[in-house]
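Note sheet for the following structure.
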2 protein chains.
Amino acid sequence: MKTSRLTSNDRAVLLGSRLFANLPAPAAEAVLEGATISRHEAQDVLFHQGDAIEHVFFVVSGLVRLYGTGKGGREADIAVFPRGALFGEKAVFLDQRATAHAQAVHPSIIAKLDGPRLCRLVREEADVAWALLELLCRHGQMTEKRLAEDRLLTAPQRVANYILGQCPGDSPAFTFRLPFQKNVLAGKLGLAPEALSRAFSTLRQSGVIVKGRLIEIRDREALERF
Amino acid sequence: MKTSRLTSNDRAVLLGSRLFANLPAPAAEAVLEGATISRHEAQDVLFHQGDAIEHVFFVVSGLVRLYGTGKGGREADIAVFPRGALFGEKAVFLDQRATAHAQAVHPSIIAKLDGPRLCRLVREEADVAWALLELLCRHGQMTEKRLAEDRLLTAPQRVANYILGQCPGDSPAFTFRLPFQKNVLAGKLGLAPEALSRAFSTLRQSGVIVKGRLIEIRDREALERF
DNA sequence: CGCGCGTTTGAGCATGCTCAACATGAGTGG
DNA sequence: CCACTCATGTTGAGCATGCTCAAACGCGCG
């Protein structure tokens, strides 16, 4: 892992992300001031539970998973962050240590925003505060939704749900490409890889065809009924 | 359910809660401006998934649970809010409809803060924005922690965890009273009531004695090992 | 006293995990 | 371009956990 300054491409990705979308340019620039970039190989651990966190992390490219650990080295994914996602902000704002581990799933470029500086900006710049408030609300809702899903849905239902979440508004049939290995999807859905595989098998009879990372849905209705 | 203005006792509870703890008096007053109070019987539904939400809710007294529903009327608790807790804020700030149902578990007094007004205050008053940001961070962390627990811990482990969370810092033995029925605890922990009962049975051999709502822990170490 | 709710206990069952074997596929080097 | 290799994905069998359904229990309250 090595650290450097932002390239102009990095800046473009950052400024184009949801967080910055509704932020006036000066405020956005202020947030980026002092940010650094680091590159990580797949499997690199960005931080461990209990680490002191001094930065808010932003995925410029790649994929990062946030996970907790239990007895015997068992791991459970809490969230998976694609390009454009922000994480680590809760620990920073609460001035706490990390409550989970973070690991790069793909080779990743990560922007690190200066934590204390961001805290100050939040207190001073209403626009920044509002942007982060919205972001936290969205994160919170995602997590709550996932919690409810875990408790309500079977494996095939969760997978069906995920697939429907990937598909555009109303088309009855469509195809898309998984943005990561099935491995990772299984973790995200709280399933063992074998369970995911079997869930896909089950869904085949509802018109879901899986070829590698390509998912083809023939009958949206059937999926929704699941 | 009937609606009225805040009593001075209501104000006291609100101003003493975590949200207002670090808020200067004028800002706190501004937040409370226009708030109303409503009383609810146990089992009353405050709102359903999909309802338009115009208020941020605050539990002055009683207990409220937030839950999602699945096929066949199955329910899964997302959170349980005791006195002093705030909820509904995510839907309000994102200007969305409710993503879950809320139901009074005990007879409850609920303060309703005017949503649009609060949004405006957040944008104008840095103190208010910061207070809500912290609150959202705490909520988010709780939810994430629960998600990880669900996926990592068995029923007895979750119960042991809950018990340890209720106990003061370091005492090796202690006793406390459940703040609600076992029923509700089961929901909060994502268990069927029967599973909770059996978990308590299991924990008996680790020095946990349950008499009605009274929980007595003889050996804290044994619980942590679980 | 008896009704009703909350809790406990029991038995059977479904879901998903573990472990292991096997298949597939991508990447590497000859 | 093929062969080899390692990682990834699939399939199978057995098992553990927790859910469902049903019945008994206990306690509070009319």
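Proteins get letters first, then strands, A, B, ... in listed order; numbering begins at 1 in each. As the structure is a prediction and not an experimental result, all values here were calculated from the model.
No hydrogens or angles considered: nothing links the side chains of A:Asp44 and A:Gln103 as a donor-acceptor pair under 3.5 Å.
Between the C1' atom of D:dG18 and the CG atom of B:Leu153 lies a distance of 14 Å, rounded to the nearest Å. Taking atom NZ of B:Lys211 as the reference point, atom P of D:dG28 lies 14 Å away to the nearest angstrom. Atom CZ of B:Phe200 and atom P of C:dG6 are 17 Å apart (whole Å). Atom-to-atom, CG of B:Leu185 to C1' of C:dT8 comes out at 15 Å; the value is rounded to the nearest Å. In this structure, CZ of A:Arg151 is placed 10 Å from P of D:dC19, rounded to the nearest angstrom. Distance A:Asn183 CG to C:dA26 P: 15 Å, rounded to the nearest Å. Remark: C1' of D:dC19 and CD of B:Glu75 are 16 Å apart, rounded to the nearest angstrom. Nucleotide D:dC19 holds its C1' atom 16 Å from the CG atom of A:Asp150, rounded to whole Å.
Residues B:Pro193 and A:Leu196 each lie close to DNA chain C; by heavy-atom proximity, the contact nearer the 5' end of the strand is made by B:Pro193.
Minimum atom distance to the side chain of B:Arg198 is reached by C:dG10, of the listed C:dG10, C:dT18, D:dG9. Checking C:dT9, C:dT18, C:dG16 against the side-chain heavy atoms of A:Thr154 singles out C:dG16 as nearest. Listed nucleotides C:dT9, D:dC19, D:dT10 differ in distance to B:Glu194; the shortest reach to its side chain belongs to C:dT9. Distance from the side chain of A:Ser197 is smallest to D:dT11 among D:dG18, D:dT11, C:dT8. Out of D:dT10, D:dT20, C:dT18, the shortest distance to the side chain of B:Arg74 is found at D:dT20.
Counting non-hydrogen atoms under 4.0 angstrom, A:Gly190 reaches the backbone sugars and phosphates but no base.
At the phosphate of D:dT11, OP1 or OP2 sits under 4.0 Å from a side-chain N or O atom of A:Ser201.
Each of B:His139, B:Gln141, B:Glu144 was scored for a side-chain hydrogen bond (donor to acceptor under 3.5 Å, both in side chains) with A:Lys90, with one residue passing: B:Glu144.
Although no hydrogens or angles enter the test, the distance criterion places no donor-acceptor pair under 3.5 Å between the side chain of B:Asp51 and the main chain of B:Ile53.
When all heavy atoms of B:His101 and B:Gln49 are compared, the closest pair comes out as ND1-N, 3.2 Å.
Between the side chain of B:Gln181 and the base of C:dC5, no donor-acceptor pair under 3.5 Å is found.
Between B:Phe81 and B:Phe57, the distance from one ring center to the other does not fall under 6.0 angstrom.
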